[in-house]
There are 2 protein chains.
Amino acid sequence: MITIKDIAEMANVSRSTVSRVLNDSGYVSEEARKRVESVVKETGYAPSEYAKSLRTKKTKVIGVILPTIQTETPSRIVTGLGRELSKHGYQILLANTDHDKVKELEYLDLLKVRQVDGIVLIATNTDAKLMKKIKEINIPLVMIGQEAEDVMHVTYDDYRAVRELTRLFIQKGHEKIAFIGVDESDRAVGYYRKKGFLDEMAAQGLSVEQAWVQKAIFDIASGHEAMEKILKNTNKPTATIAVTDRLAIGAMSYLKEKGMKIPTDMAIAGIGASEMSQYMEPPLTTVDYQNEKAGEEGAKQILASIESRPLQEKIVMDYRLIIRESV
Amino acid sequence: MITIKDIAEMANVSRSTVSRVLNDSGYVSEEARKRVESVVKETGYAPSEYAKSLRTKKTKVIGVILPTIQTETPSRIVTGLGRELSKHGYQILLANTDHDKVKELEYLDLLKVRQVDGIVLIATNTDAKLMKKIKEINIPLVMIGQEAEDVMHVTYDDYRAVRELTRLFIQKGHEKIAFIGVDESDRAVGYYRKKGFLDEMAAQGLSVEQAWVQKAIFDIASGHEAMEKILKNTNKPTATIAVTDRLAIGAMSYLKEKGMKIPTDMAIAGIGASEMSQYMEPPLTTVDYQNEKAGEEGAKQILASIESRPLQEKIVMDYRLIIRESV
DNA sequence: CTGTTAGCGCCTTCAG
DNA sequence: CTGAAGGCGCTAACAG
């Protein structure tokens with residue numbers, strides 16, 4: 001392996017001088033600079049990031065913890081993160097928890113050991129243990145997707161989005177509306193989206209039967225089951241809001257199996273603006289959360305934090321309703 | 001920051017001894033070990049990976065270059081890679097090229113500078129420049145998805161899979177079969193899948209009209225357009241093979257717009273076993289390539305290569321036809 | 001069994 | 001403007 005020492009010898013200067021031209025720091029005569037540069041070019045030398053990190057305590061690596069990369073939301077966020085970070089010479093160290101909360105904690109430690117300059121956590125929960133660790137970790141960290149006190153975060157406006165979606169249904173004349181949600185330990189998706197729904201229904205003086213509110217997990221099959229349960233009730237709703245597009249797609253597949261027409265027998269909407277949503281039959285009404293942009297914003301936050309520049313503690317992304325034929 | 005030196009002092013031993021207990025190497029008395037371990041526990045000390053890497057020349061990081069993480073194939077591969085690598089204490093450094101071939105080359109350099117222990121390249125081309133760089137790079141590397149000489153790789157059996165798919169259609173009585181492919185610079189997806197189709201048709205003595213063979217790009221809309229072109233021809237095919245599920249889904253959406261029935265007016269199949277394929281109407285016939293497993297195999301290869309253990313240069317994954325109502 | 005010593009490759013004073 | 005020297009945190013001989 002070729003090192004700074006080799007370059008120094010070949011260019012007939014000291015290692016310090018080589019370092020200076022490499023980092024554009026301090027004074028270097030034109031002549032010396034040229035000699036060094038040409039040697040660097042010839043040899044294709046590139047300084048060791050590891051040795052550099054050891055000295056400077058900067059690694060130019062951001063750890064990203066996520067629950068899965070198999071669904072569109074985190075994938076898009078990572079794409080946004082990567083785009084922004086790479087502009088500034090940072091790389092992403094990936095930590096996939098596979099939805100395992102224990103791994104989430106372990107990775108926090110691991111990334112600390114790896115001495116990443118910052119951590120981005122695409123969060124699905126805000127458990128006490130997790131929050132405690134986050135506060136102890138002492139590395140710039142931003143959470144995406146969940147809000148939390150004293151932690152920088154980028155969130156979506158889950159509450160308002162779902163209220164607006166609910167209002168849309170009501171404006172279309174629906175009074176009996178069902179809801180497919182997820183566990184409330186996921187505050188953003190489970191709690192706030194549900195609250196938005198319930199609050200809007202209450203505000204409009206509409207009541208909600210218990211059987212209309214189903215709890216599912218994050219996959220298509222679960223949406224299918226949830227719709228089945230909703231329709232078992234004798235008092236049947238005429239519209240359903242699902243907290244993710246995949247749940248909505250699952251629900252639609254059940255409706256179609258039973259020969260029910262969308263939106264006439266049952267109107268339906270999801271959240272997430274998945275690619276598939278527009279190719280459903282009928283095309284699915286959904287909410288675009290601009291996940292890539294959220295990733296970019298998260299990246300900007302973490303970079304600002306690393307450079308201890310002033311920054312916002314909290315960013316709430318805007319959303320956009322995409323109204324299609326399913327309502 | 002707490003270092004090995006601090007631990008040594010607190011445990012009243014030398015740094016070497018601390019290092020020994022940390023790495024379980026050499027002899028350490030029970031007593032000393034216990035003292036060190038308890039201090040480590042109390043302090044929560046974790047050795048710096050960077051300093052360690054500088055010494056050992058091992059980083060326990062694998063660079064993964066991919067064209068996008070927004071589609072299922074690479075996401076699944078990365079999931080498989082991550083699962084296997086993390087078992088062995090390796091982390092993934094992500095390099096997303098965003099389908100940019102120039103970035104692909106740059107990342108190869110960057111990962112070298114970062115001194116990753118190995119590189120996994122989820123490849124979409126085998127351009128001369130790329131292959132040249134790969135051969136020069138001098139770091140263990142495995143390609144996934146494309147075959148190449150003198151480079152370890154994991155590939156799918158594209159040729160046989162498509163031949164079998166074509167045969168399936170023919171057995172069902174189809175004689176006029178269309179094909180939606182992609183550019184042949186992608187050898188695996190563009191060239192071999194097409195060749196499988198054409199060879200099987202020829203073998204069965206069936207002719208293929210030029211308009212039946214369309215070239216698309218990797219998205220749903222492109223599949224839609226391709227089907228439109230196919231149906232402009234006066235001699236209309238009765239079945240279509242698309243090289244990806246998304247292309248097939250796009251093609252299906254066109255057929256539905258035109259009120260054509262699947263599979264009676266047009267049978268259709270895709271490749272990739274996407275999650276959506278089973279929720280299409282009708283459910284889409286496709287080929288499962290076991291991408292996660294391919295990722296795991298790739299991980300095993302790269303680990304073997306890093307440890308210079310004997311290994312296979314080449315792995316061809318098995319595939320599985322998933323026959324559903326779309327044919 | 002344990003401590004001393006000598007770097008790994010780089011950056012950063014500090015003199016000159 | 002430039003070189004010498006020191007040290008980042010760690011591991012790996014090598015003596016004891």
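Any value given below was found using the heavy atoms of this structure, including those in side chains, with hydrogens, waters and symmetry copies removed. Chain naming here is simple, since letters A, B, ... match the order of the sequence lines and numbering starts at 1 in each.
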For this session: Could you tell me whether K41(B) and E37(B) make a salt bridge, using a distance below 4.0 angstrom between a side-chain N and a carboxylate O?
Result: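 Not counted as a salt bridge, because no side-chain N and carboxylate O are separated by less than 4.0 Å.
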Exercise. Quick one: D6(B) CG to dG9(D) P, roughly how many Å, whole number?
Worked result: 8 Å
For this session: Verify whether one side chain among D158(B) and Y191(B) offers a donor that lies under 3.5 Å from an acceptor in the other.
Result: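 No, because no side-chain N or O of D158(B) sits under 3.5 Å from a partner of the opposite role on Y191(B).
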Seminar exercise, completed: Checking E72(B), M317(B), R76(B) against N291(B) for side chain to side chain contact (heavy atoms under 4.5 Å, CB included), the one that qualifies is R76(B)
Exercise. Where along residues 9-27 of chain A does a heavy atom come under 4.0 Å from DNA chain C, residue by residue in number order?
Worked result: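 Output list: R15(A), S16(A), S19(A), R20(A), N23(A).
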Exercise. Which residue pairs pass the ring pair (Phe, Tyr, Trp, His ring centres under 6.0 Å) test when at least one of the two sits in residues 106-139 of chain A, sequence neighbours left out?
Worked result: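 Residue pairs passing ring pair (Phe, Tyr, Trp, His ring centres under 6.0 Å), neighbours aside: none found.
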For this session: Give every residue pair that meets the ring pair (Phe, Tyr, Trp, His ring centres under 6.0 Å) criterion with at least one member in residues 48-79 of chain B, sequence neighbours excluded.
Result: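 Ring pair (Phe, Tyr, Trp, His ring centres under 6.0 Å) check on residues 48-79 of chain B returns Y50(A)-Y50(B).
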Exercise. Could you state the CZ-C1' distance from R55(B) to dC8(D), rounded to the nearest angstrom?
Worked result: 14 Å
Exercise. Could you give the angle between the helix axes at the two ends of the helix from dC1(C)-dG16(D) to dG16(C)-dC1(D), with five pairs per end, rounded to 10 degrees?
Worked result: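 Here the local axes at opposite ends form an angle of 40°.
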Exercise. Looking at DNA chain D, which of residues 43-51 of chain B put a heavy atom within less than 4.0 Å of it?
Worked result: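 The stretch gives Y45(B), P47(B), S48(B), A51(B) as the residues lying under 4.0 Å from the strand, ordered by number.
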Exercise. With sequence neighbours left out, what residues match E106(A) under side-chain contact (heavy atoms from CB on, under 4.5 Å)?
Worked result: V102(A), K103(A)
Exercise. Do R187(B) and E147(B) sit within salt-bridge range, that is, some charged N less than 4.0 Å from a carboxylate O?
Worked result: no
Problem set entry | Set of side-chain contact (heavy atoms from CB on, under 4.5 Å) partners for E149(B), sequence neighbours left out | none
For this session: Quick one: which residue pairs count as a ring pair (Phe, Tyr, Trp, His ring centres under 6.0 Å) with a foot in residues 118-155 of chain A, not counting sequence neighbours?
Result: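 Not a single pair qualifies under ring pair (Phe, Tyr, Trp, His ring centres under 6.0 Å).
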Exercise. Of all nucleotides in DNA chain C with an atom under 4.0 Å from a non-hydrogen atom of chain B, which is the first and which the last going 5' to 3'?
Worked result: dC1(C) to dG9(C)
Mind listing the side-chain donor-acceptor pairs of residues 126-134 of chain B below 3.5 Å, one per line with the distance, residues two or more places apart or on another chain?
unit_1: D127(B); atom_1: OD2; unit_2: K101(B); atom_2: NZ; d: 3.2
unit_1: K132(B); atom_1: NZ; unit_2: E136(B); atom_2: OE2; d: 3.2
unit_1: K133(B); atom_1: NZ; unit_2: D109(B); atom_2: OD2; d: 3.3

Exercise. Any side-chain hydrogen bond (donor to acceptor under 3.5 Å, both in side chains) pairs touching residues 86-97 of chain B, not counting sequence neighbours?
Worked result: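 Of all non-adjacent pairs touching residues 86-97 of chain B, those that pass side-chain hydrogen bond (donor to acceptor under 3.5 Å, both in side chains) are E84(B)-K87(B), E84(B)-H88(B).
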For this session: To the nearest Å, give me how far apart CG (L54(B)) and C1' (dG7(D)) are.
Result: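 For the pair L54(B) CG and dG7(D) C1', the rounded distance is 12 Å.
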Side chains of residues 110-119 of chain A: which donor-acceptor pairs under 3.5 Å do they make with residues two or more places apart or in other chains?
unit_1: K112(A); atom_1: NZ; unit_2: I137(A); atom_2: O; d: 3.0
unit_1: R114(A); atom_1: NH1; unit_2: T59(B); atom_2: O; d: 2.7
unit_1: R114(A); atom_1: NH2; unit_2: K60(B); atom_2: O; d: 2.9
unit_1: Q115(A); atom_1: OE1; unit_2: S48(B); atom_2: OG; d: 3.0
unit_1: D117(A); atom_1: OD1; unit_2: T59(A); atom_2: N; d: 2.9
unit_1: D117(A); atom_1: OD1; unit_2: T59(A); atom_2: OG1; d: 3.1
unit_1: D117(A); atom_1: OD2; unit_2: T59(A); atom_2: N; d: 3.2
unit_1: D117(A); atom_1: OD2; unit_2: K60(A); atom_2: N; d: 2.7

Problem set entry | K34(A) NZ to dC1(D) C1', straight-line distance once rounded to whole Å | 16 Å
